[in-house]
Enquirer: 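Dropping the structure in here first, questions after.
Keep in mind that the numbers below use all heavy atoms, side chains included, and drop hydrogens, waters and symmetry copies.
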Amino acid sequence: EDKVVQSPLSLVVHEGDTVTLNCSYEVTNFRSLLWYKQEKKAPTFLFMLTSSGIEKKSGRLSSILDKKELFSILNITATQTGDSAIYLCAVEAWGGSEKLVFGKGTKLTVNP
Amino acid sequence: KAGVTQTPRYLIKTRGQQVTLSCSPISGHRSVSWYQQTPGQGLQFLFEYFSETQRNKGNFPGRFSGRQFSNSRSEMNVSTLELGDSALYLCASSLVPGQPKSFYGYTFGSGTRLTVV
């Protein structure tokens with residue numbers, strides 16, 4: 001059965017800190033790994049990763065995938081209070097289904 | 001471009017009742033997927049619809065059902081509600097199944113918060 005494990009489940013930091021969120025996965029016929037940010041209700045897309053070792057970057061956020069060790073990390077540098085959210089990792093398999101398998105998320109709280 | 005619209009936003013129901021939730025996808029999107037989100041289990045896949053047909057179903061009891069209409073709008077129904085059905089129900093839409101799920105490839109609605117008392 002496909003599985004995604006995120007760690008830590010919860011994290012409290014101060015503004016300006018750098019954080020690393022972890023995501024390990026097991027999936028048959030891997031297609032992509034996705035990161036989402038969920039502030040109130042709708043998860044919003046951050047990154048889609050399909051190849052090992054290629055860093056995706058957007059402002060202070062970056063992410064990388066290791067397909068050999070089956071994990072991904074999401075880094076946030078110089079955190080701001082607006083980064084407070086639940087960060088979700090999900091994997092998608094080839095096969096035509098729209099199903100994503102999600103981890104339970106990491107709740108990040110950034111204090112001023 | 002209007003996003004994915006879910007109605008109602010909030011709902012309170014009593015155990016044993018049934019409930020219907022609605023999801024209108026982004027204009028032009030024809031595939032709709034549903035998820036249940038709870039603090040304990042996270043987001044779990046319920047089912048997906050394309051061209052009015054259910055293509056895939058998650059591991060949920062038969063009390064959970066859904067359908068899709070010819071205009072791609074989808075509804076999900078939960079019968080004989082239990083306390084454990086209290087959750088945020090999210091839907092996501094995409095153009096057609098199998099597209100890469102990058103930025104607009106798979107868009108979530110804001111969800112319906114269901115509370116069962």
Enquirer: Show your working on side-chain contact (heavy atoms from CB on, under 4.5 Å) between A/F45 and B/F108 and close with a plain yes or no.
Expert: CA-CA 9 Å; A/F45 174 85; B/F108 283 89; over 6 Å; no

Enquirer: Count the heavy-atom pairs under 4.5 Å between each of B/G111, B/G109, B/G42, B/P97 and chain A, then report the option with the highest count.
Expert: B/P97

Enquirer: Is the NZ atom of A/K57 crowded by more than 12 outside heavy atoms at less than 6.0 Å?
Expert: yes

Enquirer: Does atom CG (B/N59) have a neighbourhood of more than 12 heavy atoms from anything else shown, all under 6.0 Å?
Expert: no

Enquirer: Following the transitive rule for hydrophobic clusters with a side-chain heavy-atom cut-off under 4.5 Å over Ile, Leu, Val, Met, Phe, Trp and Tyr, establish whether A/L33 and A/Y87 coincide in one cluster.
Expert: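 Per the 4.5 Å side-chain linkage, A/L33 and A/Y87 are co-clustered.
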
Enquirer: Give, as side chain, backbone, both or neither, the part of B/L43 having an atom under 4.5 angstrom from any heavy atom of chain A.
Expert: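 Both parts, backbone and side chain.
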
Enquirer: Using a 6.0 Å cut-off, check whether atom NZ of B/K57 has over 12 heavy atoms from anything other than its own residue.
Expert: yes

Enquirer: In terms of hydrophobic clusters joined by side-chain contacts under 4.5 Å, are A/I76 and A/L34 together?
Expert: no

Enquirer: Please determine whether residues A/F30 and A/L88 belong to a single hydrophobic cluster, defined as Ile, Leu, Val, Met, Phe, Trp and Tyr linked transitively by side-chain heavy-atom distances below 4.5 Å.
Expert: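 Shared cluster, no.
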
Enquirer: What heavy-atom pair brings A/L100 and B/F45 nearest, and what distance separates the two atoms?
Expert: O-CB, 4.3 Å

Enquirer: Using only non-hydrogen atoms and a strict under-4.5 angstrom cutoff, which residues of residues 8-22 of chain B touch chain A?
Expert: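 Answer by number: B/R9, B/Y10.
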
Enquirer: With a 4.5 angstrom heavy-atom cut-off, which part of A/S97 approaches chain B: side chain, backbone, both or neither?
Expert: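 Interface part for A/S97: both.
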
Enquirer: Taking the six-membered ring for Trp, are the ring centroids of A/F102 and B/Y35 within less than 6.0 Å of each other?
Expert: yes

Enquirer: In terms of heavy-atom proximity below 4.5 Å to chain A, should B/P39 be classed as side chain, backbone, both, or neither?
Expert: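 It is neither, since no heavy atom gets under 4.5 Å.
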
Enquirer: Same cluster or not: B/L114 versus B/L46, using hydrophobic residues (I, L, V, M, F, W, Y) connected whenever any side-chain heavy atoms lie under 4.5 Å apart?
Expert: yes

Enquirer: Side chain of A/E98, backbone of B/E48: donor and acceptor closer than 3.5 Å?
Expert: no

Enquirer: Have A/Q38 and B/Q37 got a donor and an acceptor in their side chains that come within less than 3.5 Å?
Expert: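 Yes, a side-chain donor-acceptor pair sits under 3.5 Å.
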
Enquirer: Treating Ile, Leu, Val, Met, Phe, Trp and Tyr as nodes and any side-chain heavy-atom pair under 4.5 angstrom as an edge, say whether B/V117 and B/Y89 lie in one connected cluster.
Expert: no

Enquirer: For residues B/P100 and A/M48, report the shortest heavy-atom separation together with the two atoms involved.
Expert: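 Looking at all heavy atoms of both residues, the closest pair is CB-CE, 4.1 Å.
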
Enquirer: So what's closer than 4.5 Å to chain B heavy atoms on A/Y36: side chain, backbone, both or neither?
Expert: side chain

Enquirer: Keeping the roles fixed (side chain from B/R113, backbone from A/K41), state whether a donor-acceptor pair exists under 3.5 Å.
Expert: no

Enquirer: Is B/S110 in contact with chain A via its backbone, its side chain, both, or neither, using a 4.5 Å heavy-atom distance?
Expert: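 Both parts, backbone and side chain.
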
Enquirer: Chain A heavy atoms under 4.5 Å from B/V4: which part of the residue, side chain, backbone, both or neither?
Expert: neither

Enquirer: Mark yes or no for whether A/K104, through its side chain, and B/G40, through its backbone, hold a donor-acceptor pair below 3.5 Å.
Expert: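 The answer is yes, because a donor-acceptor pair under 3.5 Å joins these two groups.
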
